[in-house]
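Residue numbers begin at 1 in each chain, while the letters A, B, ... track the order of the sequences.
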Number of protein chains: 2
Amino acid sequence: MPKEARPSTGEQAKQHAFAQLRQAILHGEMAPAQRLVENELAEQFGVTRASIRAALIDLEGQGLVERIRNRGSRVRVVTVEEAVAITECRMVLEGLCAAKAATLASDEQLAELTELGTAMTKAVADGEPVTYSELNQELHTKVREFSGQRTAVDLLERLNAQLVRHRFQLALRPGRPQHSLNEHLAMIETIRSRDPQAAEKAVRAHLAGVIEALRD
Amino acid sequence: MPKEARPSTGEQAKQHAFAQLRQAILHGEMAPAQRLVENELAEQFGVTRASIRAALIDLEGQGLVERIRNRGSRVRVVTVEEAVAITECRMVLEGLCAAKAATLASDEQLAELTELGTAMTKAVADGEPVTYSELNQELHTKVREFSGQRTAVDLLERLNAQLVRHRFQLALRPGRPQHSLNEHLAMIETIRSRDPQAAEKAVRAHLAGVIEALRD
DNA sequence: GCGGACAAAATTGTTGACAATCTTGTTTGG
DNA sequence: CCAAACAAGATTGTCAACAATTTTGTCCGC
């Protein structure tokens, strides 16, 4: 019973509302600190308030919205200090994933990383920051995936969701791609040579650079 | 308007149900994989189903219960492999906290750690594993607290909640306290000497030991 | 003009009933 | 005796109405 491809109705209202709201927040369609009134959202998404309510509780658990008793829900704003703290956590967790990936990844998977590396180099050479940002994202995702560490992956996805706004700002900064490219290539190289400690170190160095860039 | 001390009603039903359910699960009053029927819980706690429902969604977000569409909720069982994966994440995150604590903690806070160390030594000498386990818990909590890393602390609390059952088993193992005491004292010492890198290393060594003990 | 009490509006929290879905036990045809 | 279809029961998902709370705007006394 493959029941895909019908996002409008019959998919289970709460899940629908949840996914839609989450996407809206992640895509920046909801302004930071914007009020999220349950009635409005219910009407907007064509579901009942109960579903919206459940979705909001879920999103609160993921740290994407803030809920105050009898006062409503708002899109959570992530301050720069918080973004730094989050990235520090990413640093150690992705370091763990990289170390595991260095020992667990298959040869085909290592080849994928190599391929990504050349693509990223090309994107920088061609001066396409958007493409580079996407490849960047893909690289981090693959490393996590290859680590086989589901717990860490879950935590990282939660953390990353909170950073969308800041990530966007960072990606379009002039000179930034060139600077981070070397760090990324180092990550790939250490994983390819199956050196867990070096891989962890490389990832940390990279994210330490991101933290530095965040502060300004 | 301090409205404490009335857990029966009027406190906000959902919060009450949430706290109570969480406590019940954490204290092991709910058997692993036990079915959690919304109606039963609602009657048991004297709240309506909607409140139980909201609480269950929250608990799902914290990884304490599993919810399947139209099939109900159950207490999530953490396999040994998962416990290992979780502890690996704890390892890197607590390492981060220890490093930060080493640079940020005040002198009074360092004194608290020293005090805890002597208390733990005494508990082991007196052969009181339960006391030792509590002090152990307190030590980890304090280190996290002193780090000032709210994001990491949140993640760690979530992870620790999932480990209660395994932790309990581990604490009562003969010979284990003696073994871990040295690791704990090393943690305290490195933080006291304000050496972030050594502190991180000590925490990792300790939790690596825990992981080893988990596997059997 | 200013501050506090008061009332009205808006919004969230709660409740009970109904619908949809899944599980389980039974029956029927082979 | 077994398998598939069916029916009954249990459980979760959804809904609309009601209650409680907070916010906002207004009015009165000073």
Side-chain angles (χ1 to χ4, degrees), chain A residues 1-22 24-25 30-31 33-62 64-76, chain B residues 1-22 24-25 30-76:
Chain A
M1 58 198 89
K3 199 179 288 182
E4 295 271 56
R6 198 174 51 170
S8 64
T9 177
E11 189 197 16
Q12 205 89 345
K14 180 231 163 184
Q15 280 195 343
H16 175 53
F18 174 74
Q20 196 135 346
L21 230 178
R22 186 185 155 93
I25 294 176
M30 305 287 194
Q34 176 174 340
R35 280 195 70 190
L36 301 174
V37 179
E38 297 181 357
N39 261 326
E40 292 178 8
L41 296 174
E43 190 172 357
Q44 181 174 340
F45 293 144
V47 298
T48 54
R49 242 188 72 205
S51 304
I52 290 289
R53 188 162 248 278
L56 284 173
I57 293 176
D58 250 14
L59 289 170
E60 182 189 26
Q62 296 196 14
L64 289 179
V65 309
E66 234 173 358
R67 275 162 51 83
I68 316 175
R69 270 190 33 165
N70 296 318
R71 294 249 253 132
S73 312
R74 295 183 311 178
V75 181
R76 198 169 89 89
Chain B
M1 55 197 91
K3 198 179 288 182
E4 295 271 57
R6 197 173 49 170
S8 63
T9 175
E11 190 196 16
Q12 207 88 347
K14 180 231 163 183
Q15 280 196 342
H16 175 51
F18 174 74
Q20 197 136 344
L21 230 178
R22 186 184 155 92
I25 294 176
M30 304 288 193
Q34 175 173 340
R35 281 195 69 190
L36 300 174
V37 179
E38 297 182 355
N39 262 327
E40 294 177 9
L41 296 175
E43 191 171 358
Q44 182 175 339
F45 293 144
V47 298
T48 54
R49 240 189 74 206
S51 304
I52 290 289
R53 186 164 251 277
L56 285 173
I57 293 176
D58 251 14
L59 289 170
E60 182 190 25
Q62 297 196 11
L64 289 179
V65 309
E66 233 172 358
R67 276 162 51 83
I68 315 175
R69 270 191 31 167
N70 297 318
R71 294 250 251 133
S73 311
R74 295 183 312 179
V75 181
R76 197 168 91 88

Quick test: give all pairs of protein nitrogen or oxygen and nucleotides 15-20 of chain D nitrogen or oxygen below 3.5 Å, distance rounded to 0.1 Å.
| from | atom 1 | to | atom 2 | distance (Å) |
| --- | --- | --- | --- | --- |
| D/dC15 | OP2 | A/Thr48 | N | 3.4 |
| D/dC15 | OP2 | A/Thr48 | OG1 | 2.4 |

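The side chain of B/Asn39 approaches D/dT12 more closely than any other nucleotide in the set D/dT12, C/dG13, D/dT23.
Note on B/Ile52: nothing from the nucleic acid sits closer than 4.0 angstrom, heavy atoms only. When heavy atoms are screened at a 4.0 angstrom cut-off, B/Leu56 is found touching no nucleic acid atom at all.
Applying the side-chain hydrogen bond (donor to acceptor under 3.5 Å, both in side chains) test to A/Arg76 and every residue at least two apart in sequence or in another chain returns A/Glu82, A/Gln162. A search for salt bridge (charged side-chain N to carboxylate O under 4.0 Å, His left out) contacts involving B/Arg22 returns nothing, not counting sequence neighbours.
Only one option out of B/Val75, B/Val65, B/Leu36 pairs with B/Leu59 in a side chain to side chain contact (heavy atoms under 4.5 Å, CB included); it is B/Val65.
Heavy-atom neighbours of A/Glu43 CD from other residues, nucleotides or ligands within 6.0 Å: at or below the threshold of 12.
Interatomic distance, A/Leu56 CG to A/Leu41 CG, rounded to the nearest 0.5 Å: 6.5 Å. In this structure, A/Glu40 CD and A/Arg35 CZ are separated by 8.0 Å, a value rounded to the nearest 0.5 Å.
The nearest whole Å value for the distance from the CG atom in A/Leu41 to the C1' atom in C/dT12 is 13 Å.
Considering only side-chain N and O atoms, B/Arg69 lies nowhere under 4.0 angstrom from the phosphate OP1 or OP2 of D/dT12.
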